[in-house]
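Beneath this line is the structure, given in structure tokens, with notes to follow.
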Amino acid sequence: MSALIEGLFNGISIGSVLLIAALGLAIVFGLMGVINLAHGELMMLGGYTTYVVQNVFKPWGEPWFSCYILVSIPIAFIVAAIAGIILERGVIRFLYGRPLETLLATWGVSLILRQLVRSVNWLLVICIGVFCLLFFGGMRLLSRRPDWERIRNLVIAILLPMSTAIAVVTGFLLSQIPALTKAWFSARNVDVTAPSWLRGGVKVLSFQMPYARLFIIALTIICLIAVYWFLNRSTWGLRIRAVTQNRAMSSCLGIPTAKVDALTFAIGSGLAGVAGCAVSLLGSVGPNTGQNYIVDTFMVVVVGGVGNLFGTILAALGIGIINYLIGSGTLALMASSVESLKPLVDVLLFFATSSMAKVMVFALIISFLQVKPAGLFPQKGRTAEL
Amino acid sequence: MNNKIKKQKKRQKIIETGIVIGLVIIFAVILPIVLPGFRLRLLGRILSLSIVALGIDLIWGYTGLLSLGHGIFFALGGYALAMHLKLQIPEGQLPEFFTLYGVKELPGFWHPFYSFPITIVALIVIPGIVAGLLGYLVFRNRIKGVYFSIITQAALLVFFNFFNGQQKLINGTNGLKTDTETIFGMLAGSDSVQKIFYIITVIILVAVYYFCRWLTSGRFGRLLVAIRDDETRVRFSGYNPTGYKVLVFGISGAIAGIAGALYTVQTGIITPKFMEVPFSIEMVIWVAVGGRATLIGAIIGTLLVRLAQTFLSESLPEVWLFFQGALFLIVVTVLPDGIVGWWRTWAWEKLSYMLGLKERIVTYPSLEENPETKQEREQLSDR
Amino acid sequence: MSKLGRRRFLVYSSATVATSMLLKACAGGNETTSDTEDGIKVGILHSLSGTMAISETTVVDAEMLAIDEINADGGVLGKKIIPVKEDGASDWPTFAEKAAKLIDKDQVVTVFGCWTSASRKAVLPVFESKQHMLWYPVQYEGQECSNNIFYTGAAPNQQIEPAVDWLLENKGKSFFLVGSDYVFPRTANTIIKEQLKAKGGKTVGEDYLPLGDTEVTAIITKIKAALPNGGVIFNSLNGDSNVAFFKQMQGAGLTPDKYPVMSVSIAEEEVRQIGTEYLKDHYAAWNYFQTVESPANEKFVKAFKAKYGEDRVTNDPMEAAYIMVYLWKQAVEAAGTTDIEAVRKAAVGQEFDAPEGMVKMTPNHHISKTVRIGQVREDGLFDIVSATKVPVAPIPWNQYVPETKGYACDWTDPNKGGKYKKA
């Protein structure tokens, strides 16, 4: 009995991490059809935000420090959402309807973000600021001219190298000041210390449920409810669904589709930020944090069926539980007690390590897609195509 | 009229063959003399990577299938050859790494690799079959587009974790070293053998290039393009695209296998790192930079990107990832046709106009360069 | 037409200029020799980017400290040491490529480098085929003894085996082995299992986590199932996974009093990163801790903090990196030349008063080292709970593993070499 509860709890807790990580993706991928390979890096931003908030709260002492995690969740949401909006407005909106190109572009963004957190320092921020000021400011000023359309290419051709050069020169001049060149985070992983009330766990029967895990499960449930409410009960949710179903029609009816796109993407990204905050309780946060989740979360969305929140939930929990049962050897143990399953035991034992469990789960997913190519809950009337 | 076009085509072909022969002479004869050993090895590795890029161009550029899992096939080819090299030891002995893990007997799947011909066949056929099988499982269900990409990525992870975790079978993360092994009685890492590998690489690259050209120029090639542009219509026309897709994916896998084997012997080691996610996505960017569906673009792209990587990461290691990321963005947004596409559609026209080789074209080249139009124009100006 | 002509002229002339510049650039770049008038070039080959950069940059810091100190002190043979840094980028083939570049192009007289065993194994053929010299500063799994490598980190019998012995004596007989899924943990655990078999201990389970993975729930369940009443956990996880492991251990109620963890990859730097809240009272086995009390260590820590900042800490691999530069310097001075063969001969037998205590290069190219067990205390440093009285001699070929039992390594005797059967 106790073993069953333990297994179930552990499976659900693995699943809930997957779910909270995949939730934002389910929205971005499911509603907009955008493959965002930088999703993991948005999670990473959330994790780093949590780290920064923690360091801000540290000097304030105990009663305050304990609740930094609660403050960091909305901040992580906002930071990741802003990054998401920049990403959508700056890159993705030009690529709607070209999913493969989006995939490559977002991979490029993820590479840049990874290197950015490694080498970001005041100097870099100043340089980027100078560049943006010159380039976008110049564009803005000149765009008021009546012959803008004609001179546009020329302006870009002059402004781009010029502002780059000025930014680089500024960088070289300022690089003499050591305070500016000190990296904020460096390539080293940073670590979030959970507040004392999230350490340890509650004893149930013979095992202990970690508070951090319970917190993540609760956070996942809250996010799910919020997303459900937002999509189904709010005005903007209605607009998002309308645009998903028929973009042209929605546009005709006066729905600002561009705004809706940005909003949808912002929410998906924001949820990634929250997920980053959650996973920082489990491990450390580093430039490669996002990479560990990206394939897993895509699998969750694909297995669940694109554009279906309920499918995503089921898929995440299912994958979590199966992963746990195989990886911990519980499945092998169960098989060995049943006579007819004896030949399976060896196979299951072979896969009963953490790394081999991953092999087995992915193989199972690929074979599952043989039976249901469009996931658990396929969208009606269409094959899985984008 | 027809005759004239034929003649023109023939002339073009001769010029092209001349260029290719010239390049082969430069790469295979002159460069090995000029370059120092380790730079030549680097170039050889880059050229073998451009072989795999050709394979990717075949499935992505022509057929529209974006595979993010070509690392699997690449590594399988590499492992096949590395296993053969590891077995160049006296009868009855085991490769030394086995003793570290207490393995007493050679695992069964190693046995065929004692023989060189079987190894050569295996390093082409095994990746091909694995690719074909994976392709069959996916295409059978009409899974395509990004789904296909994501699934290939998942398959990549499966293989990576498997090879990484199986020390007792294939030495896990350590991988297989080939530099200290012998091939035909010669040390594989020595400069002379490396030079031979390099020349083989150049020859195979040209062979694979012409093979891909042949494949894409005929009926088969047109079918692939048709599948890329509108698969449903191909289906309606009475073709079953699944078979063609499986075939082309298998071929692409086999090409990747050859490339992997060449890359491995010129690197000196094969490890599961070749099956990491970033490496496979990187392969795609080489093709994208050079230009999709151009074949020659795949080679040029690989050369440019890898050389840039070598020099940038030597001088400014921090900048490389920024640069690579920017490359992805630029290629997708500003330069969708890649360098070759840009050259063909825009730069060449402009340049030849500037050099005074050609009249400035007002409308489309297909219209302007049509002999009939030219004749008409001449007649008009005569009047 | 005149306009066209001007344009044509512009294009052609700029093309000519560009070509000639390109040719000039290609023709330039003379090969420089290593031992020039003004200095001696040495290679530093570590990952400055990628996942391993976290650890390896600290080692580079220590090597640079040693080089700066030596240069400030007048250099080697009256010449300054010029370090040539190369980035292995956490990628093993890149390591091999950069090693070849350092040797062929930069013509360095020796290379200090590598961290992971995989990277060392990747560069090994390069150094062997070119008869060059590598100094390797990290504790490793043994089962290797190359004429071209000097190992200044611990061999298994200088870290893992004493740690297991100490645990058997003080903490219990049942062991659970946890490691990252790569070569060092797997080989180390093979050795530990043999050792436990020989000494009456018991391996109740082992599991490996993919590199970078943070999901350790399954492993914790296995530990609890295998050791319901507590026992020893031997941990060879790599950097990031440690964080997840210790955080979740605490959450699951596995406390150090019942489940003491002995780690072999956690040093001061990692403790600070993971957080003492999670690590307090767990153990680690090393040859050097920052808390070692000796004048040499005081000087080392002070110099390091002065160069890199008060908030930095020193640890075992950094110390090993620091001493290997000095050992090389002594060998060069003993040989009176930077010639690789001569230095190799002169290196054996060199002694150095290292921060960890006296070390000596033995004929098998490893060094004798003091073994210490430390317990994490409140401030993130270690309480040294056990230390050997004298330095332990290194044994690269493991004596517990049947395949290498009875083998040894001696490079001073041409009849013996890298692997010979002891009489």
Side-chain angles (χ1 to χ4, degrees), chain A residues 29 33-35 37-38 90-91 94-95 98-116 118-119 183 187 287 291 294-296 298-299 301-302 306 350-351 353-363 365-367 369-375 383-386, chain B residues 60 64-66 68 134 136-166 172-173 231-232 276-278 281-282 284-285 287-288 292 317-334 336:
Chain A
F29 186 24
V34 167
I35 303 288
L37 282 186
V91 181
F94 303 109
L95 300 169
R98 289 155 64 193
L100 293 183
E101 273 88 342
T102 320
L103 190 154
L104 292 180
T106 49
W107 176 257
V109 171
S110 93
L111 289 180
I112 291 175
L113 281 176
R114 256 182 271 164
Q115 186 58 42
L116 192 70
R118 280 199 196 109
S119 52
Q291 286 307 298
I294 192 73
V295 181
D296 301 33
F298 267 112
M299 283 296 117
V301 177
V302 169
V306 172
F350 182 70
F351 286 101
T353 67
S354 301
S355 38
M356 292 309 285
K358 256 193 148 148
V359 174
M360 180 98 171
V361 167
F362 278 120
I365 289 173
I366 292 177
S367 41
L369 290 176
Q370 295 303 307
V371 190
K372 283 189 128 357
T383 51
E385 66 179 85
L386 269 168
Chain B
W60 185 38
L65 306 165
L66 178 57
L68 301 181
L134 183 67
Y136 174 71
L137 289 177
V138 175
F139 301 135
R140 191 178 64 117
N141 288 310
R142 302 193 186 178
I143 295 175
K144 54 184 176 183
V146 281
Y147 283 80
F148 172 71
S149 309
I150 293 170
I151 287 174
T152 48
Q153 201 172 41
L156 186 70
L157 268 186
V158 170
F159 276 83
F160 172 76
N161 277 317
F162 187 84
F163 276 73
N164 209 29
Q166 293 307 316
T173 19
E231 189 174 338
T232 325
E276 279 188 342
V277 172
I281 301 186
E282 228 178 274
V284 174
I285 202 65
V287 179
R292 269 172 274 172
E318 287 215 327
V319 179
W320 166 241
L321 269 187
F322 281 134
F323 181 77
Q324 202 188 9
L327 211 56
F328 273 95
L329 287 175
I330 289 169
V331 157
V332 164
T333 50
V334 189

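Residue numbers start from 1 in every chain, and the chains themselves are labelled A, B, ... in the order their sequence lines are given, proteins ahead of strands.
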Using a cut-off of under 4.5 Å on heavy-atom pairs, state which of A:L113, A:L116, A:I294, A:V91 scores highest against chain B. A:L116
Minimal heavy-atom distance between B:L66 and B:F148, with the atoms involved, is O-CD2, 3.5 Å
Please check: side-chain N/O of B:Q153 versus main-chain N/O of B:V277, any donor-acceptor pairing under 3.5 Å? no
With only heavy atoms counted, which part of B:V138 is less than 4.5 Å from chain A, the side chain, the backbone, both or neither? backbone
Determine, step by step, whether B:Q324 and B:E282 satisfy the side chain to side chain contact (heavy atoms under 4.5 Å, CB included) criterion, reporting the C-alpha distance in whole Å, the side-chain angles of both residues, the deciding distance to 0.1 Å, and the verdict. CA-CA 9 Å; B:Q324 202 188 9; B:E282 228 178 274; 2.9 Å; yes
Show the nearest heavy-atom pair for residues B:G64 and A:L100, with the distance to one decimal. O-CD1, 4.0 Å
If you count heavy-atom pairs under 4.5 Å with chain A, which of B:A288, B:P336, B:A154 comes out on top? B:A154
Side-chain donor/acceptor pairs under 3.5 Å, residues 103-110 of chain A, sequence neighbours excluded:
{"residue": "A:T106", "atom": "OG1", "partner": "A:I35", "partner atom": "O", "Å": "3.2"}
{"residue": "A:T106", "atom": "OG1", "partner": "A:L37", "partner atom": "N", "Å": "3.1"}
{"residue": "A:T106", "atom": "OG1", "partner": "A:T102", "partner atom": "O", "Å": "2.8"}
{"residue": "A:T106", "atom": "OG1", "partner": "A:L103", "partner atom": "O", "Å": "2.9"}
{"residue": "A:S110", "atom": "OG", "partner": "A:W107", "partner atom": "O", "Å": "3.0"}
{"residue": "A:S110", "atom": "OG", "partner": "A:R114", "partner atom": "NH2", "Å": "3.2"}

Which atoms of A:I366 approach chain B - backbone, side chain, both or neither, heavy atom under 4.5 Å: side chain
Interchain contact, B:Q166 with chain A, by part (heavy-atom threshold 4.5 Å): side chain
What part of B:I281 gets closer than 4.5 Å to chain A, counting heavy atoms only: side chain, backbone, both or neither? side chain
Classify the angle between the aromatic ring planes of A:F29 and A:F298 as parallel (below 30°), tilted (30 to 60°) or perpendicular (above 60°). perpendicular
Relative to chain A, which segment of B:L327 carries a heavy atom at a distance below 4.5 Å: side chain, backbone, both, or neither? neither
